[in-house]
Structures are given as C-alpha cells and as structure tokens.
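Every chain is numbered from 1 and lettered A, B, ... according to where its sequence line falls, protein lines coming before strand lines.
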Amino acid sequence: MSINVKFFAIFRDLLGLKELQLEAGSKENLKLIDLLESLFQRFGEDFRSKILENGNIRPKVNIMINGRNIKFLDGVNSTLKDGDIVAIFPPVAGG
Amino acid sequence: MNFLTDEENERYQRQIVLKSIGKEGQELLKKSRVAIVGLGGLGSISAMYLASMGVGFIRLIDKDVVEVSNLQRQILYTVHDLASPKVEVAKSRLEAMNPYCKVEPLSVFVSPKNIKEIVEGVDLVIDGLDSFSSRFVVNKACVQKNIPYVFGGVLGTLGNTSTFIPYDDSPCLECIFSKVRDEELETTETAGVHPSIIGIISCIQISEAVRIITGKKPLLKGKLLFGDLENLDFQSIEIVKNPSCPTCSKKRP
C-alpha cells in the first residue's frame with residue numbers, strides 16, 4: 001500500500017521535503033495516526049510536537065485526505081487506502 | 001446602457017484585444033458588481049486592479065482607519081491618509097483612477113448582523129479579510145445567496161487561495177478550514193508578511209474574479225493553491241465538498 005504525503009509551508013521547511021511516497025506494506029485498516037507515527041519515527045519528536053498536542057491534531061495544522069478535511073472524517077483515526085493523498089498545511093489567515 | 005463609449009474603448013484597449021476578455025468581456029466587466037471584504041494588503045490590490053479594469057460597481061467593506069504600519073503593503077494609502085477611514089480614502093482614489101467605476105464604501109466590521117447588506121446585489125465577493133471567523137460569515141452568506149467567493153490568505157512569505165462556487169457543487173471555505181480558531185493562529189502583526197506574496201495572491205484572485213465575470217471557468221474551483229516566496233514553488237491540492245459540512249452540505253446545486 002502506497003500513500004502520497006504532501007507537506008506545505010512550515011512542515012515543508014521543517015522536513016526539508018515537499019512530498020513523500022510512503023510504503024505501508026499490506027496492512028489493513030491503516031489509520032492516519034499510524035502514518036503520522038511512522039513520520040514521527042522518521043523525522044523525530046520536533047515534528048511530532050508541531051503536529052500533535054495531547055494526542056490530537058494541533059489547531060494550527062490542517063490535514064486533508066484526498067481533499068477532505070479529516071475533521072469531517074474520523075480525525076486521526078481516519079482510514080487510509082492505497083493511493084490516498086494526504087496533505088498537511090497550516091491555515092493562513094492574514095490579509 | 002452597458003455599451004462602451006469611445007473613451008472606454010480606448011481606456012481598455014490593451015485588455016479588449018485579449019482573447020480571454022474581448023469587447024464582450026469588457027461589457028460584462030462594466031455590468032458587474034463586486035464586493036471586496038477587507039481593504040488591507042490583499043483588498044488594496046484587488047480594489048485598484050478591478051476598478052482600473054472597468055468593473056462597474058465595487059462595494060468596499062472595512063471598518064479600519066489607515067495606520068502607519070499599513071503603508072508597507074497596503075498600497076492604496078499614503079501618509080496623507082493616516083487616521084482616515086480606509087473605505088473613504090479608497091473610494092476617492094479608485095474613482096480618480098477610473099471614473100467609470102462606481103464605488104460604495106461601507107465602514108463596518110463584517111458580522112452576521114450586516115452580512116446581508118454587504119453581499120446584497122453583488123455578483124461575486126473578493127476576500128481581503130484577516131480572520132477566519134469573519135471569512136466564515138462571508139462564506140455562509142455566499143453559499144446561501146449562490147455568490148462566488150474568491151478566498152485569499154497570506155502570512156510571512158506564504159499565501160493560499162481558492163475559488164468557491166456555491167452553485168457548482170464545489171467545496172466551500174468551511175469544508176476546508178472548519179473549526180479553525182483565530183486565537184490559535186499567528187497574525188501578520190506577529191509573523192509579518194512580505195508584500196510580494198500579497199501581490200501574487202491578490203493578482204490570482206483578480207484573475208479568477210475576471211474569469212467568473214466574463215463567463216470563463218475559474219481555475220481554482222475545487223483546488224487550494226499554495227505559494228511560498230522562500231522556494232517559489234506553487235502547488236495546488238484538490239479539495240472536495242464535505243457531505244457533512246455544516247454550511248454547504250444541506251444545499252444542493
């Protein structure tokens with residue numbers, strides 16, 4: 001199973017890359033949190049602290065799966081399937 | 001009434017020759033009515049270009065007065081305008097730039113109480129606001145009234161923009177940024193903002209607005225575009241309507 005993860009703004013700066021193709025084996029019921037944990041293992045605790053706060057997605061972080069906000073799915077427990085695109089970006093509000 | 005005078009034909013000649021605008025597009029611009037919510041960095045540029053290009057009616061919405069810290073990026077204003085209401089300064093500047101554009105100033109904060117008046121009778125709304133809470137108010141009204149809403153937001157060297165078309169089953173702002181709380185976010189006051197990214201994002205908004213007015217398909221419908229001056233990499237992601245969005249889900253095209 002392969003998931004495309006796209007990073008924008010501070011997340012791109014932090015990791016030094018704009019996207020990543022993650023191979024997740026053949027695990028069934030892969031959840032977003034599983035994918036995030038593998039990213040944290042790879043990129044360290046600083047990245048974790050930028051994404052999660054008490055186990056929840058921080059308010060400054062927007063995550064979409066195939067263009068759908070995970071707040072309307074099952075949050076960090078949203079299920080992923082082969083070929084999904086995950087985008088991680090901050091809300092940008094200035095005018 | 002909406003046909004162009006000789007003077008208008010001369011004034012707009014450089015864009016009338018464009019295949020994507022033409023005489024017919026120019027007449028549609030003249031007939032069009034646009035609201036610009038927020039007259040800061042983004043709104044300044046949208047207002048000047050849309051007035052110059054010949055939009056017939058522009059409603060400007062902003063409660064603020066001009067401050068010295070605005071002048072680095074809000075290019076509608078000068079030192080002579082300090083402490084004056086932005087909408088009044090903008091009206092005289094825009095009408096001097098193009099007397100064919102009628103400008104209506106509304107010196108109010110966007111709120112659920114006045115949003116009906118703000119969007120009344122306009123063909124589209126251009127975003128120049130600086131908070132999600134006020135954008136959600138505008139977005140909701142646009143969804144209810146079937147008015148296209150061209151979103152833009154900037155911070156630091158980063159910008160993002162999208163075009164929401166309520167009558168075409170595209171997502172709305174709330175589908176994408178639901179539950180974002182302004183108090184959790186950085187502002188241009190704390191994080192700064194580079195005027196270049198304001199220019200880029202607002203000019204994309206203008207291009208989208210002109211496409212909508214002239215009957216072309218907006219290119220950012222169903223897409224959220226990001227741009228960052230630090231890498232000059234512009235990338236968009238697909239965005240889709242959320243079936244459970246509290247603002248647009250009960251509405252069907």
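Remark: B/Glu189 CD is loosely packed, at most 12 non-hydrogen atoms of other residues, nucleotides or ligands lying under 6.0 Å away. The number of heavy atoms from other shown groups lying within 6.0 Å of NZ (B/Lys223) does not exceed 12. No more than 12 heavy-atom neighbours from other residues, nucleotides or ligands sit within 6.0 angstrom of OH on B/Tyr49. Crowding of A/Arg58 atom CZ: a count of heavy atoms from other residues, nucleotides or ligands under 6.0 Å exceeding 12.
With a threshold of 4.5 angstrom between heavy atoms, B/Val180 approaches chain A through its backbone and through its side chain. Using a 4.5 Å cut-off between heavy atoms, B/Ile237 contacts chain A through its side chain alone, with no backbone atom that close. The contact between A/Phe72 and chain B is made by backbone and side chain atoms together, counting heavy-atom distances below 4.5 Å. Neither the backbone nor the side chain of B/Gln74 comes within less than 4.5 Å of any heavy atom in chain A. Interface remark: A/Lys6 contributes side-chain atoms only to the contact with chain B (heavy atom separation under 4.5 Å). Heavy atoms of B/Asp127 lying under 4.5 Å from chain A are absent altogether. With a 4.5 Å cut-off on non-hydrogen atoms, B/Leu39 does not touch chain A at all. Using a 4.5 Å cut-off between heavy atoms, B/Phe177 touches chain A through backbone and side chain atoms alike.
Between atom CD of residue B/Glu238 and atom CD1 of residue A/Ile85 there is a gap of 7.5 Å, rounded to the nearest 0.5 Å. In this structure, CG on B/Asn242 lies 6.5 Å from CG on A/Leu73, to the nearest 0.5 angstrom. Here the straight-line distance linking atom CG of B/Leu158 with atom CZ of A/Phe89 works out to 10.5 Å at 0.5 Å rounding. One finds the OG1 atom of B/Thr157 at 7.5 Å from the CG atom of A/Asp13 (value rounded to the nearest 0.5 Å).
Looking at B/Val240 and A/Met64, their side chains never come closer than 4.5 Å, going by heavy atoms from C-beta outward.
The two residues A/Lys71 and B/Ser178 make their nearest non-hydrogen contact at NZ-O, 2.8 Å. Closest approach of B/Ile176 and A/Asn62 over heavy atoms only: O-ND2, 2.9 Å.
Among B/Ile201, B/Leu155, B/Leu185, the residue making the largest number of heavy-atom pairs under 4.5 Å with chain A is B/Leu185. When B/Arg181, B/Lys179, B/Glu186, B/Glu230 are compared by the number of non-hydrogen pairs under 4.5 Å with chain A, B/Lys179 comes out ahead. Among B/Asn160, B/Asp228, B/Thr188, the residue making the largest number of heavy-atom pairs under 4.5 Å with chain A is B/Asn160. The candidate from B/Gly40, B/Gly128, B/Ser244 with the greatest count of non-hydrogen atom pairs under 4.5 Å with chain A is B/Ser244.
Note on A/Arg12 versus B/Asp233: salt bridge recorded, some NZ/NE/NH1/NH2 to OD/OE distance being below 4.0 Å.
Residue-level contacts of residues 130-140 of chain B with chain A, in order of numbering, are B/Asp130, B/Ser131, B/Phe132, B/Arg135; threshold 4.5 Å between heavy atoms.
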